[in-house]
Enquirer: 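Here it is: the structure, laid out below.
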Amino acid sequence: MRPGSATPLGRVGLGLLGVLALLAAARAQSPTPGLPTSVRVVSVVPRPGAGPRPGPERIVLRTIGGDIVIALYPDIAPQTVRQMLALVQEGVYDTTHFFRIDPQGYYLQLADARNRILPLTAVQQAAIHPLRAEWGPLHHVRGAVSLVRPAGEPDGALTSFLIVRKDSPFLDKPGDTYTIFGRVESGMEVVDALSELRHSADGTPEVRLTVLQAVVAKPAELSELGLRGPQPPDWWLYSDRVAPVTLANERLDWIASGGFGAVLLAAVATFFFARRLAGSRMACGLCLLTVSLSGYMLLLLLTPVSWTHVWVGVGLLALTLAIIRLLAFFDS
């Protein structure tokens with residue numbers, strides 16, 4: 001190289017200059033007042049000709065409609081990926097659900113984990129904390145997995161996220177976008193099937209789209225999980241390979257329901273027997289109290305099952321009406 005000639009910047013230098021120019025242009029055209037000063041924006045310069053590389057772990061959502069495998073991007077959203085893996089390993093996402101199907105078909109949204117069927121333990125609750133924004137070069141295209149947070153609060157995300165079904169450029173707002181931390185590697189047909197189930201005008205599904213269990217697995221371990229494509233919403237009740245912890249809880253619920261049902265029947269029989277005895281009003285009152293408590297426990301245990309078994313819901317409705325009628329019979 002001759003003295004006085006220009007030194008080439010190279011690909012990295014040109015890339016950095018390009019990013020700085022884009023940031024300057026975005027700041028001049030679209031200022032974002034009001035963002036908290038604590039926001040940490042992670043800018044990632046992609047390698048020329050290469051997309052983001054997924055990390056070594058996958059998150060598998062085992063839903064009532066099949067399995068969804070999510071690849072993660074620790075290079076783009078490191079603290080978000082660490083938190084998601086920690087929450088899954090703690091079992092935070094077990095028995096949560098997809099609570100909203102976007103009416104226009106843009107995304108399927110997972111509810112806050114605190115709205116799951118099984119109550120969170122103290123350890124699980126302590127693992128949940130707000131996540132700072134991590135904005136990278138990714139866009140909300142089909143298959144993207146993005147954190148949900150309140151409008152205008154980039155650092156307000158907790159556990160809820162959405163899976164994009166159709167390209168959604170309206171979510172890619174300069175300076176106010178959402179943290180994309182992964183993409184669906186397999187199972188988009190499950191996402192589509194879940195999204196096509198009947199739902200109300202505001203996107204609430206008629207059937208609870210439960211995530212039976214979320215697990216962390218390496219790519220080599222996926223074949224051992226027996227991944228399933230789209231399934232009828234009640235297929236999991238008859239499978240011994242999916243969500244063994246959840247299925248064990250389901251069996252315990254049925255056993256407990258049988259016990260409370262037996263107590264309820266015994267209390268009803270005792271009530272009608274005691275009515276024939278003189279001065280038995282207090283005994284009858286205790287029987288009806290036992291009936292009411294047993295009926296309440298049956299409602300508590302079997303209501304989740306009624307989401308996939310219509311006959312259980314009909315039985316619970318009949319039980320409620322019978323208890324009300326029995327209480328009225330006692331007053332008369």
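Positions are given from 1 along the sequence.
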Enquirer: Determine whether Leu227 and Arg62 make a side-chain contact, defined as any pair of heavy atoms from C-beta on separated by less than 4.5 Å.
Expert: yes
Enquirer: Applying the side-chain hydrogen bond (donor to acceptor under 3.5 Å, both in side chains) test to Tyr107, which of Arg165, Arg100, Lys166 qualifies?
Expert: Arg100
Enquirer: Between the side chains of Asp155 and Arg132, is the shortest nitrogen-to-carboxylate-oxygen separation below 4.0 Å, so that they form an ion pair?
Expert: no
Enquirer: With side chains defined as the heavy atoms from C-beta onward, is the minimum distance between Leu158 and Val148 less than 4.5 Å?
Expert: no
Enquirer: Can you get from Tyr106 to Leu110 by hopping between Ile, Leu, Val, Met, Phe, Trp and Tyr side chains that sit under 4.5 Å apart?
Expert: no
Enquirer: Taking Thr204's backbone N and O only, do any of them form a donor-acceptor pair with Ser200's side chain (distance below 3.5 Å, no angle check)?
Expert: yes
Enquirer: How long is the gap from OG1 on Thr210 to CD1 on Ile64, to the nearest 0.5 Å?
Expert: 5.0 Å
Enquirer: Please tell me whether Phe181 and Val216 are part of a single hydrophobic cluster in this structure, the criterion being side-chain heavy atoms less than 4.5 Å apart.
Expert: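 They do share one cluster, since a chain of ILVMFWY contacts under 4.5 Å joins Phe181 to Val216.
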Enquirer: Nearest 0.5 angstrom please: Asp172 CG to Ile180 CD1, how far?
Expert: 6.0 Å
Enquirer: So, for Val190 and Gly229, which heavy atoms are closest and what is the spacing to 0.1 Å?
Expert: CG2-C, 3.6 Å
Enquirer: Give a yes-or-no answer on whether the side chains of Glu134 and Thr80 include a donor-acceptor pair shorter than 3.5 Å.
Expert: yes
Enquirer: I need the minimum non-hydrogen distance between Gly295 and Leu264, along with the two atoms involved.
Expert: N-CD1, 3.7 Å
Enquirer: Is it the case that the side chain of Gln125 and the backbone of Ala122 share a donor-acceptor pair, with hydrogens and angles ignored and the cut-off at 3.5 Å?
Expert: no
Enquirer: Check whether any side-chain heavy atom of Thr96 lies under 4.5 Å from a side-chain heavy atom of Arg114, and answer yes or no.
Expert: no
Enquirer: Quick one: do Phe161 and Tyr178 satisfy ring-ring contact (aromatic ring centres under 6.0 Å, His included)? Show the steps, please.
Expert: CA-CA 10 Å; Phe161 58 80; Tyr178 300 82; over 10 Å; no
Enquirer: Applying side chain to side chain contact (heavy atoms under 4.5 Å, CB included), run through Val184 and Ile163 and close with a yes or a no.
Expert: CA-CA 8 Å; Val184 174; Ile163 299 176; 3.6 Å; yes
Enquirer: Donor-acceptor pair, Glu90 side chain versus Val123 backbone, under 3.5 Å?
Expert: no
Enquirer: What pair of heavy atoms forms the shortest contact from Arg149 to Ala157, and how long is it?
Expert: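 For Arg149 versus Ala157, the nearest heavy atoms are CB-N, 3.4 Å.
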Enquirer: State plainly whether one hydrophobic cluster holds both Phe99 and Ile117, where clusters connect Ile, Leu, Val, Met, Phe, Trp and Tyr through side-chain heavy atoms under 4.5 angstrom apart.
Expert: no
Enquirer: Should Val92 and Ile128 count as side-chain neighbours, where that means a heavy-atom distance under 4.5 Å?
Expert: yes
Enquirer: Nearest 0.5 Å, what's the CE-OG distance between Met188 and Ser195?
Expert: 7.5 Å
Enquirer: Give a yes or no on whether the backbone of Leu171 and the side-chain of Ser168 come within a donor-acceptor separation of less than 3.5 Å.
Expert: no
Enquirer: Would you please indicate yes or no on a ring centroid separation below 6.0 angstrom for Phe260 and Tyr296?
Expert: no
Enquirer: Determine the sole option in Leu194, Ile101, Leu108 for which the side chain to side chain contact (heavy atoms under 4.5 Å, CB included) test with Pro205 is passed.
Expert: Ile101
Enquirer: Just how far is it from atom SG of Cys287 to atom CG of Leu326, taken to the nearest 0.5 Å?
Expert: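 Atom-to-atom, Cys287:SG and Leu326:CG are 9.5 Å apart.
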Enquirer: Given side chain to side chain contact (heavy atoms under 4.5 Å, CB included), test Trp311 with Leu316 step by step and report yes or no.
Expert: CA-CA 9 Å; Trp311 63 270; Leu316 291 177; over 6 Å; no
Enquirer: Would you say that Gln79 contacts Leu131 through its side chain, given a criterion of any heavy-atom pair below 4.5 Å between the two side chains?
Expert: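 Touching, per the 4.5 Å side-chain cut-off.
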Enquirer: Taking atom types as modelled, find out whether Tyr73 and Arg53 have a side-chain donor-acceptor pair closer than 3.5 angstrom.
Expert: no
Enquirer: Donor-acceptor pair, Asp102 side chain versus Gly105 backbone, under 3.5 Å?
Expert: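 Confirmed, Asp102 side chain pairs with Gly105 backbone.
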Enquirer: Would you say that Arg142 contacts Asp167 through its side chain, given a criterion of any heavy-atom pair below 4.5 Å between the two side chains?
Expert: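 Side-chain contact under 4.5 Å: yes.
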Enquirer: Which atom names give the shortest non-hydrogen contact between Gln109 and Ser160, and what distance separates them?
Expert: NE2-OG, 3.6 Å
Enquirer: What's the shortest heavy-atom distance between Thr179 and Ala133, and which atoms?
Expert: OG1-CA, 3.7 Å
Enquirer: Where is the tightest heavy-atom contact between Gly156 and Pro150, given as atom of each residue plus distance?
Expert: O-CD, 3.6 Å
Enquirer: How long is the straight-line distance from CG of Asp192 back to CG of Leu197, given to the nearest 0.5 Å?
Expert: 11.0 Å
Enquirer: Going by heavy atoms in the side chains, are Thr290 and Val263 under 4.5 Å from each other?
Expert: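 Contact flag for Thr290/Val263 side chains = yes.
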Enquirer: Could you walk me through whether Leu225 and Val60 pass side chain to side chain contact (heavy atoms under 4.5 Å, CB included), step by step?
Expert: CA-CA 9 Å; Leu225 296 178; Val60 182; 4.0 Å; yes
Enquirer: Same cluster for Val191 and Val211 if Ile/Leu/Val/Met/Phe/Trp/Tyr side chains link at under 4.5 Å?
Expert: yes
Enquirer: Is it true that Leu162 and Phe170 fall in one hydrophobic cluster, defined by side-chain heavy atoms closer than 4.5 Å?
Expert: yes
Enquirer: Could you check whether any side-chain N or O of Glu196 sits under 3.5 Å from a backbone N or O of Ala193, counting only pairs where one atom can act as donor and the other as acceptor?
Expert: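 Not a single qualifying donor-acceptor pair exists.
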Enquirer: Give, for atom SG of Cys284 and atom CG of Leu289, the distance between the pair rounded to the nearest 0.5 Å.
Expert: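 Here the interatomic distance stands at 13.0 Å.
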Enquirer: Quick one: are Ser292 and Leu327 in side-chain contact, heavy atoms under 4.5 Å?
Expert: yes
Enquirer: Honestly, is Arg116 close enough over Tyr93, meaning NZ or CZ under 6.0 Å from the six-membered ring centre and within 45° of the axis?
Expert: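 No.
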